[in-house]
Amino acid sequence: MNLVYIGVIALILGVFIGYYIRKRIGEKQISSAEEKSKEIIENAKKKAENIQKEAELKVKEEIYKLKQSAEKEISEKQKEITEIEKRLRQREHQIDKRGEFVEEKERELKSLAKKLEEEKREIAGLKENLSKKEKELSGKLYQIARLSEGEARRIILEKTKEELKMEIGKMIIEEMERAKEESERKAKEIIATAIQRYAGEYVGDLTVSVISLPNDEMKGRIIGREGRNIRTFESLTGVDVIIDDTPLAVVLSSQNPMRRELARIAMTKLIEDGRIHPARIEEVVNKSKEELEAKIKKYGEEAIMDVGILQIHPELVKEIGKLRFRMSYSQNVYSHSIEVAHIAGIIAAELGLDQKFAKKAGLLHDIGKAVDHEVEGTHAEIGAELLKRVGESEDLIEAVRTHHDDKPANIYGVIIQAADALSAARPGSRKEMYEAYIKRVSQLEEIANSFTGVDKAYAIQAGRELRIFVNADKVRDEEASFLAREIVKKVGEEIKYPGQIKVVVVREFRAVEYAK
């Protein structure tokens with residue numbers, strides 16, 4: 001019995017255990033299946049998203065290609081439209097031109113028709129005049145037939161005289177033209193000869209002088225305690241002393257060549273002597289001034305000997321020597337004056353004039369530049385006054401005074417003007433910054449245009465002449481000279497320039513009518 005109960009119980013337990021085991025296994029299988037299904041779903045979703053993205057990319061690519069194709073097609077269409085519009089405009093322009101051509105031809109035809117009518121009237125008038133002349137000639141012939149032999153001869157001689165006057169006038173004009181051509185040819189030959197026979201050298205002067213030192217210790221002695229030596233030197237000479245890292249050298253800087261030369265002589269003496277202090281510097285500078293004066297006189301004498309002029313006032317010798325330290329457009333005025341003297345002498349000799357007088361005028365033509373920084377006025381006027389003071393001849397004075405004028409006072413003034421231009425125009429003789437030149441010319445024209453009544457203003461002859469055209473309705477004749485003086489005054493106040501500037505005010509009245 002117990003065995004039976006045990007067996008029943010074991011059976012029931014087996015059933016329960018089997019049910020439980022199957023339930024657990026089923027739950028695990030279900031859980032595993034759910035996880036697999038979730039994984040499959042996730043993978044499917046990812047694949048779907050990838051497929052969707054690929055599809056979107058393909059769609060976007062297709063859209064971009066379609067857009068590019070459309071834009072290209074639109075651009076080509078636009079080009080075609082532009083070409084069509086261009087051709088249409090050309091056609092319209094051609095049509096307008098043809099229309100203008102037709103209108104012009106119509107006007108020409110009308111003008112020709114009008115001229116034809118006028119010529120017809122003239123021909124009719126000529127016919128009337130011809131008939132009148134025939135009647136007059138018939139009357140004159142009748143009168144001549146009644147004239148005596150003496151009266152007929154007188155009439156013939158008068159008529160012949162009138163005809164000869166016309167022929168002689170024509171011959172005079174032809175001879176004048178021939179003489180003009182011959183004079184121009186001869187002038188060119190003389191200028192070419194003068195240039196060939198004289199060839200001077202040009203060396204551009206700098207604005208600094210470099211002094212060699214025996215050792216770098218000398219720089220400290222030049223400067224002095226607290227810079228008193230260098231300050232004393234600069235105040236006495238008017239030159240800047242530049243002491244930098246350059247070994248065994250000191251630089252003297254000044255735009256005034258004479259001051260720079262004085263400083264060079266004094267500095268050289270101080271370095272050789274070795275004693276450098278304010279009192280010694282003042283002593284050496286004073287001695288250097290005396291030496292420079294002697295050197296200036298020597299330069300003047302050398303120039304006179306070079307040119308071959310013996311009779312010249314002693315006061316002018318010194319002024320000629322000063323020109324050695326005067327620059328104009330970076331051209332040394334001393335060398336320029338000697339060259340002008342030689343060229344002027346050659347031209348005068350070719351023309352059969354006084355060669356020595358021409359040389360003297362050429363050497364002294366810029367003498368005013370030796371003192372123009374001390375006296376007011378143009379160098380030509382200053383030079384003329386200087387020559388007048390020392391008793392030079394009137395011809396020489398006027399030649400110097402007018403060597404920059406349009407109409408020189410005498411033939412020697414013309415020669416000096418030509419020789420001056422030849423010397424200044426030679427390659428390498430003068431130089432000026434292009435920007436400074438353009439600025440000066442622009443300033444001159446702006447100053448002139450700032451005045452009321454000025455119509456146009458032109459700076460000509462490389463900025464040496466300002467030609468102004470005024471409105472005749474706004475500026476009267478008596479006001480023109482006043483306007484010129486006002487412009488000269490303003491130019492002198494606002495612009496720094498070498499030499500002189502000529503201001504010409506032109507007022508003219510123009511009557512204009514139109515033939516219709």
Side-chain angles (χ1 to χ4, degrees), residues 1-107 242 244-247 431-450 455-459 463 494-495:
M1 193 67 178
N2 289 332
L3 291 172
V4 173
Y5 285 134
I6 291 169
V8 171
I9 289 166
L11 180 61
I12 291 168
L13 287 171
V15 170
F16 276 107
I17 291 168
Y19 175 75
Y20 179 76
I21 291 168
R22 283 198 301 275
K23 185 177 179 182
R24 295 288 297 175
I25 292 169
E27 287 177 354
K28 285 183 179 180
Q29 289 178 346
I30 290 167
S31 176
S32 176
E34 286 178 352
E35 288 178 359
K36 285 183 179 180
S37 64
K38 286 181 181 179
E39 186 179 350
I40 290 168
I41 290 166
E42 288 294 327
N43 291 332
K45 284 182 179 179
K46 288 180 180 179
K47 286 182 180 180
E49 287 176 358
N50 289 333
I51 291 167
Q52 186 179 358
K53 286 180 181 178
E54 288 178 358
E56 287 177 355
L57 287 172
K58 286 182 179 179
V59 169
K60 286 181 180 179
E61 187 176 351
E62 289 295 328
I63 291 169
Y64 178 75
K65 287 181 178 178
L66 290 171
K67 186 178 178 182
Q68 289 283 77
S69 176
E71 287 178 352
K72 185 177 180 182
E73 189 173 349
I74 290 167
S75 177
E76 290 176 354
K77 291 292 183 183
Q78 285 178 345
K79 285 182 180 178
E80 290 178 3
I81 292 166
T82 304
E83 288 293 328
I84 291 167
E85 289 177 349
K86 187 177 178 181
R87 288 199 293 272
L88 286 172
R89 283 197 295 272
Q90 288 177 351
R91 290 281 179 85
E92 288 176 358
H93 185 63
Q94 289 174 357
I95 290 167
D96 290 341
K97 276 190 172 180
R98 287 177 182 174
E100 290 174 0
F101 179 75
V102 170
E103 289 176 359
E104 188 178 351
K105 289 297 180 184
E106 287 178 355
R107 287 195 295 271
I242 301 169
D244 51 20
D245 296 334
T246 306
K431 62 181 179 181
E432 183 184 18
M433 291 298 291
Y434 177 76
E435 293 82 4
Y437 166 74
I438 294 298
K439 184 178 179 182
R440 187 173 76 246
V441 170
S442 300
Q443 283 181 325
L444 285 171
E445 293 179 353
E446 286 173 5
I447 288 171
N449 287 319
S450 67
D455 190 9
K456 294 177 182 177
Y458 302 100
E494 297 186 8
I495 299 179

Quiz item: Should His93 and Arg89 count as side-chain neighbours, where that means a heavy-atom distance under 4.5 Å?
Solution: no

Quiz item: Crowded around Glu39 CD? As in, over 12 foreign heavy atoms under 6.0 Å?
Solution: no

Quiz item: Measuring from Thr82:OG1 to Leu88:CG, what's the distance to the nearest 0.5 Å?
Solution: 11.5 Å

Quiz item: Once you round to the nearest 0.5 Å, how far does CD1 of Ile95 lie from CZ of Arg91?
Solution: 8.0 Å

Practice problem: Any chance you could lay out the salt bridge (Lys or Arg N to Asp or Glu O under 4.0 Å) test for Glu61 and Lys65, step after step, and finish with the verdict? | Solution: CA-CA 6 Å; Glu61 187 176 351; Lys65 287 181 178 178; 3.6 Å; yes

Exercise. Evaluate the criterion side chain to side chain contact (heavy atoms under 4.5 Å, CB included) for residue pair Gln90 and Lys86; output intermediate values, then yes/no.
Key: CA-CA 6 Å; Gln90 288 177 351; Lys86 187 177 178 181; 3.8 Å; yes

Quiz item: Are more than 12 heavy atoms from other residues, nucleotides or ligands located less than 6.0 Å from atom CD of Glu56?
Solution: yes

Practice problem: Check step by step if side chain to side chain contact (heavy atoms under 4.5 Å, CB included) holds for Glu83 and Arg87. | Solution: CA-CA 6 Å; Glu83 288 293 328; Arg87 288 199 293 272; 3.8 Å; yes

Quiz item: With a 4.5 Å heavy-atom cut-off, do Lys77 and Glu80 have their side chains touching?
Solution: yes

Practice problem: Give, for atom NZ of Lys45 and atom CG of Asn43, the distance between the pair rounded to the nearest 0.5 Å. | Solution: 11.5 Å

Quiz item: Could you give the distance from NZ (Lys60) to CD1 (Ile63), rounded to the nearest 0.5 Å?
Solution: 8.5 Å

Exercise. Calculate, to the nearest 0.5 Å, the distance between atoms CD and CD belonging to Glu92 and Glu85 respectively.
Key: 10.5 Å

